[in-house]
Amino acid sequence: MKKGLAKRGWDTSKTEVLDQIISIDDTRKKMQTLSDAELAKINTLSTQIGDLFKSGNRDEAENLKQGIADIKATNETYLSQLKEAEAQLEAMLLTVPNIPHLSVPSGNTDADNEVYKDWDKTLPVVDGKPHWDLGTQYNILDFELGNKITGAGFPVFRGKGSRLQRALINFFLDESTRAGYEEIVPPLLVNESTARATGQLPDKDGQMYYCERDDLYLLPTAEVPITNIYRGDIVDEADLPLKMTGYTPCFRREAGSYGSDVKGLNRVHQFDKIEIIQVTKPEHSYQTLEEMLNHVEQLLIKLELPYRILRLCGGDLGYTSALTFDFEVYAAAQQKWLEVSSVSNFETFQSNRLKLRYKDNSGKKQLAHTLNGSALALARIIVALLENHQTPEGIIIPAALRPYTGFDMIN
RNA sequence: GGAAGAAUGGCAGAGCUGGUUUAAUGCACUAGUCUUGAAAACUAGCGUACGUUUACGCGUACCGGGGGUUCGAAUCCCUCUUCUUCCGCCA
């Protein structure tokens with residue numbers, strides 16, 4: 001564990017917490033045993049008192065009652081220590097991120113990410129406009145209007161831009177369904193338990209929009225409600241893998257972002273995303289990860305966009321993930337790579353919080369593995385479609401998308 | 001938003017005037033007997049978590065969540081959540 005966490009930049013001063021956790025857990029166990037023994041005494045005595053009352057032996061019953069007060073007092077001290085240990089344990093465990101997979105490279109920033117699969121053709125050279133200019137030119141995208149209605153980072157799509165968005169949603173959902181995923185329409189607001197189970201809380205507390213009056217969070221990703229469908233469940237081994245997909249808007253505060261990263265559609269507070277989610281047996285999860293990578297890759301090929309796949313280094317890896325591959329798409333006018341998908345294996349990190357288990361053939365209960373990936377995130381796909389497929393006559397829609405848009409060019 | 005009622009094991013459903021309930025019973029499920037095979041019948045088993053034990057097992061907690069009263073709570077009290085019915089509002 002310590003070696004794995006070192007990839008996230010955890011030095012010995014931080015991994016010390018693991019030893020503390022083990023020691024506090026020992027205390028917890030001890031207090032549990034002691035408290036159980038006291039409670040057992042009370043149970044035995046209570047039964048005796050009941051019998052004595054029935055046989056009319058009131059005095060002796062009153063005698064026994066005296067002793068119970070002492071037992072209770074003793075139990076109280078055990079119980080308070082038990083509760084304290086449990087509280088400390090929970091607080092400490094929440095500070096420990098997932099242990100990176102063996103293949104995760106060391107490193108602190110995105111510069112240390114490994115290019116897992118590079119774009120093997122030459123990158124397109126476009127002597128054209130960035131998407132924010134194209135959006136205005138064809139009247140499909142309006143940032144000013146979004147500022148007026150809501151604020152920065154909430155763009156308005158209109159006309160063919162709006163239609164393109166709807167086309168992409170339907171295209172991605174159809175592709176997921178064809179690959180065997182069950183389509184889900186989840187709630188867009190979730191409660192605290194749900195956000196905690198998939199690991200957004202406490203890690204991403206400041207990044208989610210929060211409705212104080214009702215104590216609910218706006219989704220940062222469909223992963224949250226959809227993975228939580230099976231929270232607390234024990235599923236049959238025969239039902240695995242569970243495959244689900246869903247389209248939702250995603251809301252992210254993106255506190256602390258600035259500069260060219262947030263220009264145009266590059267980083268917005270509300271965007272649409274189609275997510276694919278799987279629950280698998282532990283021994284199959286890395287094979288499943290490959291399968292999901294392949295699914296996402298096929299989408300980008302069908303959209304005729306230049307892409308590359310990165311294996312995230314320890315420092316860039318999400319808090320909850322054991323292994324993550326990012327897909328980046330090339331925005332030709334900005335000459336920038338933009339992340340459009342993140343495909344991760346969480347192993348048991350989420351299922352442990354979810355209490356999502358399966359019963360194997362011998363009847364034993366085991367934690368399942370959970371995985372998810374974007375297939376795909378819309379806003380940046382639109383960036384790439386506009387910038388890469390622009391011509392002097394207009395923006396060409398890829399063939400795979402035309403049945404969904406109903407037009408083959410934006411002009 | 002207002003009023004009344006309800007929440008029990010995979011499902012149905014007793015218990016709810018506090019102490020042989022270690023939660024009855026039925027269905028479903030699993031194994032066995034019987035049968036050429038199946039069905040039926042019969043027999044047995046059948047929840048979760050934590051702790052403990054080499055192991056068989058044992059202890060504790062859990063009857064929507066949390067708290068309280070009591071020697072003892074599924075049962076009494078408080079509170080929250082959800083559901084049902086009625087009223088109000090409304091796509």
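By convention in this document, chain letters (A, B, ...) are assigned in the order of the sequence lines, proteins followed by strands, and residues within each chain are numbered from 1.
Rounded to the nearest Å, the gap between the P atom of B:rG5 and that of B:rU79 is 14 Å. B:rA61 and B:rA73: their C1' atoms are spaced 14 Å apart (whole Å). Rounded to a whole angstrom, the distance from the P atom of B:rU17 to that of B:rG68 is 24 Å. If you take atom P in B:rC62 and the same atom in B:rU69, they sit 15 Å apart, rounded to whole Å. Nucleotides B:rA41 and B:rC58 are separated by 32 Å at their P atoms, to the nearest Å. If you take atom C1' in B:rG65 and the same atom in B:rU81, they sit 7 Å apart, rounded to whole Å. Only the C1' atoms considered, B:rG26 is 28 Å distant from B:rG19, to the nearest whole Å. Comparing the same atom, P, in B:rG59 and in B:rG1 gives a spacing of 48 Å after rounding to whole Å.
Using modelled atom types, one side-chain atom of A:Thr245 and one backbone atom of A:Glu275 make a donor-acceptor pair closer than 3.5 Å. Side-chain atoms of A:Thr248 never come within 3.5 Å of backbone atoms of A:Cys250 as a donor-acceptor pair (strictly under, hydrogens ignored). In this structure a side-chain-to-backbone donor-acceptor pair under 3.5 Å is missing from A:Thr227 to A:Val224.
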Q: Show the numbers, then the answer: is there a salt bridge (charged side-chain N to carboxylate O under 4.0 Å, His left out) between A:Glu86 and A:Lys83?
A: CA-CA 5 Å; A:Glu86 281 175 345; A:Lys83 274 187 180 163; over 6 Å; no
Q) Stepwise, does the salt bridge (charged side-chain N to carboxylate O under 4.0 Å, His left out) test hold for A:Lys336 with A:Glu387? A) CA-CA 11 Å; A:Lys336 257 177 113 149; A:Glu387 294 193 11; over 6 Å; no
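Across the protein-nucleic acid pair, A:Met31 atom CE and B:rG59 atom C1' stand 17 Å apart, rounded to whole Å. The NZ atom of A:Lys41 sits 17 Å away from the C1' atom of B:rG72 (whole-angstrom rounding). Residue A:Lys355 contributes atom NZ, which lies 16 Å from atom C1' of B:rC62 at whole-angstrom precision.
With sequence neighbours left out, A:Tyr319 forms a side-chain contact (heavy atoms from CB on, under 4.5 Å) with A:Pro97, A:Asp203, A:Phe349. Qualifying ring-ring contact (aromatic ring centres under 6.0 Å, His included) partners for A:Phe346, counting only residues two or more places apart in sequence or in other chains: none. Partners of A:Ile71 according to the side-chain contact (heavy atoms from CB on, under 4.5 Å) rule, which considers only residues two or more places apart in sequence or in another chain, are A:Glu38, A:Lys41, A:Ile42, A:Leu45. The side-chain contact (heavy atoms from CB on, under 4.5 Å) check on A:Asp110 picks up A:Asn113, A:Asp316, with sequence neighbours excluded. Taking A:Tyr230 as the reference, nothing meets the ring-ring contact (aromatic ring centres under 6.0 Å, His included) condition, with sequence neighbours excluded. Partners of A:Ala377 under the side-chain contact (heavy atoms from CB on, under 4.5 Å) rule, at least two apart in sequence or in another chain, are A:Phe271, A:Lys273.
Between A:Leu371 and A:Met292, the shortest heavy-atom distance links the atoms CB-SD, 3.8 Å. Residues A:Val104 and A:Arg311 approach most closely at CA-CD, 4.5 Å, considering heavy atoms.
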Q: Return one dot-bracket line describing RNA chain B 5' to 3' (Watson-Crick or G-U wobble pairs, both distances under 3.5 Å; ( ) same strand, [ ] crossing, | another strand, . none).
A: ((((((((.[[[..)...(.....]]].(((((.......))))).((((((....)))))).[[[[[..)....]]]]])))))))....
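Salt-bridge check for A:Arg178 with A:Glu175: passed, with a basic side-chain N closer than 4.0 Å to an acidic carboxylate O. The pair A:Asp19-A:Lys2 counts as a salt bridge, with a side-chain nitrogen and a carboxylate oxygen less than 4.0 angstrom apart.
Residue-level contact check: A:Leu39 touches the backbone only, with heavy atoms under 4.0 Å from sugar-phosphate atoms and none from bases.
Two residues, A:Lys83 and A:Ser35, neighbour RNA chain B, and the one matched to the more 5' nucleotide by heavy-atom proximity is A:Ser35.
The side chain of A:Asn43 places no N or O atom within less than 4.0 Å of a non-bridging phosphate oxygen (OP1 or OP2) of B:rC71.
The ring-ring contact (aromatic ring centres under 6.0 Å, His included) pairs that include a residue from residues 185-212 of chain A are A:Tyr210-A:Tyr217, where partners are two or more places apart or lie in different chains.
Annotation: proximity of residues 67-81 of chain A to RNA chain B (heavy atom, distance under 4.0 Å) is found for A:Ile68, A:Lys72, numbered in ascending order. Of the residues in residues 193-201 of chain A, not one comes within less than 4.0 Å of RNA chain B through any heavy atom.
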Q: Take nucleotides 47-58 of chain B nucleotide by nucleotide from the 5' end and write B, S or -, depending on whether a protein heavy atom sits under 4.0 Å from the base, only from the sugar-phosphate, or from neither.
A: -SSSSS------
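The cationic atom of A:Lys160 (NZ for Lys, CZ for Arg) lies less than 6.0 Å from the six-membered ring centre of A:Phe407 and within 45° of the ring axis.
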Dump the pairs, protein N or O against N or O of nucleotides 19-24 of chain B, anything under 3.5 Å, distances to one decimal.
from: B:rG19; atom 1: N2; to: A:Ser46; atom 2: O; distance (Å): 2.9

